[in-house]
There are 2 protein chains.
Amino acid sequence: MRGQPGRSVTSRVLALLDAFSPASPALTLSELARRAGLPLSTVHRRAAELLAWGALERGVDGRYRIGLRLWEVGSLAPRGLGLREVALPVMEDLYEVTHENVQLAVRQDLELVFIERIAGRHAVPVLTRVGGRFALHATGVGLVLLAHAPVGVQERVLAAPLERYTDLTVTDPGRLRRCLAEVRRVGYAVSDRQVTLDALSVAAPIRAPEGVVAALSLVVAHDRADPVALAPLVQAAGRVLSRALGGAHR
Amino acid sequence: MRGQPGRSVTSRVLALLDAFSPASPALTLSELARRAGLPLSTVHRRAAELLAWGALERGVDGRYRIGLRLWEVGSLAPRGLGLREVALPVMEDLYEVTHENVQLAVRQDLELVFIERIAGRHAVPVLTRVGGRFALHATGVGLVLLAHAPVGVQERVLAAPLERYTDLTVTDPGRLRRCLAEVRRVGYAVSDRQVTLDALSVAAPIRAPEGVVAALSLVVAHDRADPVALAPLVQAAGRVLSRALGGAHR
DNA sequence: ACGGGGGCTTTCACTGAGTGGAAGCTGGGG
DNA sequence: CCCCAGCTTCCACTCAGTGAAAGCCCCCGT
């Protein structure tokens, strides 16, 4: 084989999947090639094979999209649909009691991924999307996940510049470090207007035998928020789920 | 390369993903190799690469599972999460009005795939799973999807033996053909105890510019069911979604 | 402590699946 | 009618991938 030796076929195929994103879920062959950094003919051949299997689909406009078969396989991810199936009833309970936004997220590397969300039609609008990513250092769920992440992960997050979303976003590594210690101590996290100036979130950990695997939060309008009152609710829900996952209480 | 010439690397990678199923979402390396029909060393190498990217994950038990990264990419499928995002509010309305099970499905080849489900805690238990498959000829959603599928697909389904789930399952191709014509004529489908003896479902099509792309249904206990009363509800919900997808009314 | 076995990991020399430049093909806009 | 951008096909070269076999590890029974 010629160009770019050292790059495996598998990595090229995965690069094609990487080319898709929430912002651009439909790509032409050329866009796909450009984003994946591969020659057109290579992409053409690999895409044809993914198409045949159902990993990609092609619309009437000729653009490639992620295919249903890949969605099906993805739905077998324990930390994806698996977690959602367990958590949804509890999240619905939490919604019924509060009528506020309920969010479920897990950590993937140095970011969080939203697994499920119940958005009350009358609750504060939140800009999160199921399947979407976000930084760990600003949201309630993020703080919980970061506080219980391996030290190596924490250090890597603290070492990188912490993006500022509002004036209240914690961007100082030292302060964030103290924040995380506090989250571990009290067993829940509060993010007060650290993402948007109208929202406050309260989050609690969900434990499995191997440790904290997910976080659950309520996102409410900051001016009608009472974190101290909400925390026990979210924590209780987290404990119910921890028990369901075998992550013992305590 | 040696063994099994004619098999592409990509097809081997996809065979690994195919090895996972709702019934066995966690596999050892050997199981993976056996199911994919590939030598152990080949699987070991390919799986390592999928692991590094996040398409697979490995639990404390050493078993491979579908990774979150694949779930993320899968969530970009327009017919998966995309459709769900649009449909969920309408499905919730339907649930609020009826407090019965609401199901959303699309066709994938000769089967249907459930995209979303709202299962009332007090509604009839249904055995469907989000991400799960089912035959087209028995359920309400299946009949709708089949009735509006390309003729080639219909013929292939009709040509194969139609599995019988209950005494009321339509297994005669001729009768099924008349059934489908009726579904197209009246604009909705009723499956009365054709899957289980306690349930009845009423389904309506969801149209996009390219035709019927999904189906929506209510599943109720057969003895408290009035299909004629439910049909307009489901059809109305279907039409709301069709309009949202640009699939004009009529 | 010891031996056996099942499962995972690594090695190595061979080879055909994959490559990408270039040439052909579309289709739609001016 | 021609041009251009994007897609598809072709072809000779070559390195990524292959799989049998050997090595390793850990658990279980004795």
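Protein chains get the first letters and strands the later ones, always in sequence-line order, with residue 1 at the start of each. No experiment lies behind these values; they were computed from the predicted model shown.
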Side-chain ion pair, A:E49 and A:R12, N-O less than 4.0 Å: no
Phosphate OP1/OP2 of D:dG6: any A:T28 side-chain N/O under 4.0 Å: no
Atom pair distance, as rounded to whole Å: CG in B:L29 and P in D:dC24: 19 Å
Candidate list A:V212, A:L104, A:V86, test side-chain contact (heavy atoms from CB on, under 4.5 Å), partner A:I206, passing option: A:L104
Closest non-hydrogen atom pair between A:V144 and A:A215, with its separation: CG1-CB, 3.8 Å
Set of side-chain contact (heavy atoms from CB on, under 4.5 Å) partners for B:R178, sequence neighbours left out: B:R175
First of A:S8 and A:L40 reached from the 5' end of DNA chain D, by closest nucleotide: A:L40
Under the side-chain contact (heavy atoms from CB on, under 4.5 Å) test, residues paired with B:P150 that sit two or more places apart: B:R107, B:V153
Residue closer to the 5' end of DNA chain D, A:Y64 versus B:S41 (nearest nucleotide): A:Y64
Listing time: all N or O pairs from protein to nucleotides 23-27 of chain C that are below 3.5 Å?
none

B:D18/A:R69 ion pair, N-O < 4.0 Å: yes
A:Q103 side-chain N/O to A:F114 backbone N/O, donor-acceptor pair under 3.5 Å: no
Closest nucleotide among D:dG19, C:dC8, C:dG18 to the B:P39 side chain: D:dG19
Terminal axes of the helix from C:dA1-D:dT30 to C:dG30-D:dC1 (five pairs each): angle between them, nearest 10 degrees: 40°
Spacing of B:E31 atom CD relative to C:dG7 atom P, expressed in whole Å: 9 Å
B:R7 CZ - D:dT18 C1' separation (whole Å): 13 Å
Residues A:R129, B:E85: salt bridge by 4.0 Å N-O rule: no
Minimum-distance nucleotide (side-chain atoms of A:R58 versus D:dT8, D:dA16, C:dG20): D:dT8
For B:R184, all residues meeting side-chain contact (heavy atoms from CB on, under 4.5 Å), sequence neighbours excluded: B:A147, B:H148, B:Q154, B:L180, B:A181
Separation of atom CG in A:L38 from atom C1' in D:dA16, rounded to whole Å: 15 Å
Charged tip of A:R79 within 45° of B:W71 ring normal and under 6.0 Å: no
No-H, no-angle donor-acceptor pair, A:S30 side chain to D:dA5 base, under 3.5 Å: no
Least distance between heavy atoms, A:S24 atom then A:A19 atom: OG-O, 4.3 Å
Close approaches to DNA chain D from residues 43-57 of chain A, in residue order (heavy atom, under 4.0 Å): A:H44
Under-4.0 Å side-chain N/O to phosphate OP1/OP2 contact, B:R12 with C:dG18: no
